[in-house]
Q: 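After the structure tokens below, expect a handful of questions from me.
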Amino acid sequence: MADQKKKKLTPVQQEYQQLAQRHEPKRPLVRNFTRAFFVGGFICLIGQGITELFIRYFDFTEKTAGNPTVAVLILLSALLTGLGVYDRIAQWAGAGTSVPVTGFANSITSAAIEHRSEGLVLGVGGNMFKLAGSVIVFGVVAAFIIGLLKTLFTMGG
Amino acid sequence: MRQGHQSWVFPSKPVILGHAAIGGPFEAQGPLAEDFDTLHGDLMIGQDSWEKAEKVLLEEACSKAIEKAGLRKEQVNFFLAGDLMNQIISASFSARTLAIPFLGIFGACSTAMEGLALAAQLVDSQAADYVLAATSSHNGAAEKQYRYPTEYGSQKPPTAQWTVTGAGAAVVGNKGKGLRITGATIGRVVDMGMTDPFNMGAAMAPAALSTIETHFRDFQLPHDHYDLVVTGDLGKVGHAILSELLPKHNVMVPLQRYIDCGKLIYGDNPNVWSGGSGCGCVATVTYGHLLRRMSRGDWKRMLVVATGALLSPISYQQGESIPCIAHAVAIESEQTGE
């Protein structure tokens with residue numbers, strides 16, 4: 001794909017792009033990966049802690065504690081987004097904060113806050129899933145295909 | 001009057017009678033804070049949306065520039081303004097408040113100099129006595145329209161730039177005391193096939209080169225004619241690229257005299273990545289910092305080259321590359337001997 005795009009460029013454009021690339025500061029990949037690994041892990045650690053709390057003090061089982069744990073994480077993420085802190089943590093942590101469920105909550109909350117000025121229905125309602133929408137759509141599509149495959153294979157076996 | 005292929009020379013040398021710069025909280029922490037007329041501590045500026053806040057910034061800049069020119073708004077013949085918002089609402093809504101006959105213009109971040117060049121042309125051709133040229137940008141409003149919601153946690157690469165929250169305005173007149181506009185070069189759209197909206201500096205640098213090269217050719221000026229050549233918002237990345245491109249194309253502008261507003265406005269703050277951007281960047285730095293220093297006599301001749309990336313969120317998503325433009329305006333202080 002990238003090569004195909006390059007072919008359409010004139011030699012002058014190609015030459016310039018090479019020059020521009022030399023001036024592009026490198027993304028600090030090792031630092032980004034390390035931070036993402038530890039922050040992502042830390043969020044999971046918090047999640048595990050919350051699960052343990054639910055099991056120990058609120059009579060949940062390992063199976064039923066999952067849903068309230070996710071709800072608490074979503075609440076925390078939404079709160080941090082509303083307070084204007086989440087995006088700052090995310091600039092530092094990168095994928096560490098966007099991959100876990102907290103990132104999903106942040107994408108919905110931030111879009112809802114941003115479009116509040118355009119009204120509740122068309123603003124908040126219409127835009128809240130602007131970013132999260134595609135995650136939901138492709139999540140459902142992927143689940144459907146996997147479900148279909150599973151059914152096919154179990155039918156044969 | 002046309003000069004060369006795509007430039008204007010202004011024999012009457014229209015005067016910048018008043019100029020003003022308004023900034024937001026982040027600009028107030030920058031090294032140029034002293035040069036703003038008004039700085040706001042609140043990004044919302046007491047309004048209930050980013051868009052309304054941007055409109056207030058622009059209105060304030062206009063009123064301040066008219067006031068500093070010693071005029072009343074009824075005396076201003078035309079108002080030329082533009083901004084980054086869809087349908088240039090900040091400019092149109094400010095024009096509603098000001099009630100000055102209005103021409104909306106769009107050149108993305110090059111709007112500031114597009115407006116100033118046109119204002120000088122109108123005054124020079126006696127189509128107007130006083131023209132107000134202004135532009136604005138707002139970090140929240142621009143992020144919302146071009147990228148993600150402001151509170152969305154996405155990591156930006158080191159080539160990204162920070163949209164300036166600010167507005168700048170200038171009143172150009174046919175007589176009076178002040179800095180004078182001697183010429184302008186209208187840029188052509190240059191597209192080097194760059195597609196990364198998080199690397200605008202690299203996309204816009206060739207447009208700046210094209211305009212600077214043409215300016216010197218059209219006016220047949222030596223490359224060291226200006227005490228200062230300023231680009232709009234190329235940032236650190238674009239500044240480095242243009243510094244390499246200029247000598248490569250035999251435009252021997254002394255590189256120590258070449259600066260970039262996007263690099264100046266926030267100094268070395270690492271949180272803005274490559275530097276400042278947006279219509280407000282070149283507008284506030286020029287109408288605040290640079291013109292003030294020129295009035296103090298720090299420089300006699302200056303060429304301001306405002307650069308603009310003419311993309312939209314839709315064009316980018318449809319895989320289009322980023323077309324860019326740059327307009328140059330030459331400003332001289334009165335002391336310059338003819």
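In this text, all values refer to a predicted model and were calculated from it rather than measured experimentally. So that the names make sense, note that chain A is the first sequence line, chain B the second, and so on, each numbered from 1.
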Q: Are side-chain N/O atoms of B:Glu151 and A:Thr109 paired as donor and acceptor at under 3.5 Å?
A: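 No.
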Q: Out of A:Ile89, A:Asn32, A:Thr97, return the one with the most heavy atom pairs under 4.5 angstrom to chain B.
A: A:Asn32
Q: For B:Thr150 versus A:Asp87, what's the shortest heavy-atom pair and its separation?
A: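 Answer, listing the atom of B:Thr150 first, then A:Asp87: O-OD2, 3.2 Å.
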Q: Does a side-chain heavy-atom distance below 4.5 Å link A:Arg116 with B:Asp48?
A: no
Q: Counting heavy-atom pairs under 4.5 Å to chain A, which of B:Gly193, B:Ser49, B:Ala203 comes out on top?
A: B:Gly193
Q: Does any non-hydrogen side-chain atom of B:Met194 lie less than 4.5 Å from one of A:Gln13?
A: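 Not in contact.
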Q: How about A:Glu24 and B:Asn199: do any of their side-chain heavy atoms sit closer than 4.5 Å?
A: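 Yes; the side chains approach each other to less than 4.5 Å.
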Q: Given that the side chain runs from C-beta out, which part of B:Lys52 has a heavy atom under 4.5 Å from chain A: side chain, backbone, both or neither?
A: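 It is neither, since no heavy atom gets under 4.5 Å.
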Q: Treating B:Tyr152 as the side-chain partner and A:Ile108 as the backbone partner, does any N or O pair qualify as donor plus acceptor under 3.5 Å?
A: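 Pair absent, no side-chain N/O of B:Tyr152 close to backbone of A:Ile108.
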Q: Around B:Asp42, counting heavy atoms of other residues, nucleotides and ligands shown, do more than 12 lie under 6.0 Å from its CG?
A: yes
Q: For atom CD1 of B:Ile314, is the number of surrounding heavy atoms from other residues, nucleotides or ligands below 6.0 Å larger than 12?
A: no
Q: Hydrogens and angles aside, do A:Trp92 and B:Gln155 bring a side-chain donor and acceptor to less than 3.5 Å of each other?
A: no
Q: For the residue pair A:Tyr16 and B:Pro206, establish whether any side-chain heavy-atom pair is separated by less than 4.5 Å.
A: yes
Q: Of all heavy-atom pairs between A:Ala90 and B:Gly153, which one has the smallest distance, and what is that distance?
A: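 Looks like CB-CA, 3.3 Å.
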Q: Which bit of B:Ser274 is near chain A, if near means a heavy-atom gap under 4.5 Å: side chain, backbone, both or neither?
A: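 Neither; nothing under 4.5 Å.
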Q: Does the side chain of A:Leu131 reach to within under 4.5 Å of the side chain of B:Pro149, using non-hydrogen atoms?
A: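 The answer is yes; the side chains approach within 4.5 Å.
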Q: When you measure from the side chain of B:Lys144 to the backbone of A:Glu114, do you find a donor-acceptor pair of N or O atoms at a distance under 3.5 Å?
A: yes
Q: Using a cut-off of under 4.5 Å for heavy-atom pairs, which of B:Pro157, B:Gly238, B:Ala205 has the most such pairs with chain A?
A: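 Highest number of pairs under 4.5 Å: B:Pro157.
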Q: Drop me the distance from B:Thr195's OG1 to A:Gln17's CD, to the nearest 0.5 angstrom.
A: 7.0 Å
Q: With rounding to the nearest 0.5 angstrom, report the OG1 to CZ distance, B:Thr159 to A:Arg27.
A: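 So the OG1 of B:Thr159 and the CZ of A:Arg27 are separated by 6.5 Å.
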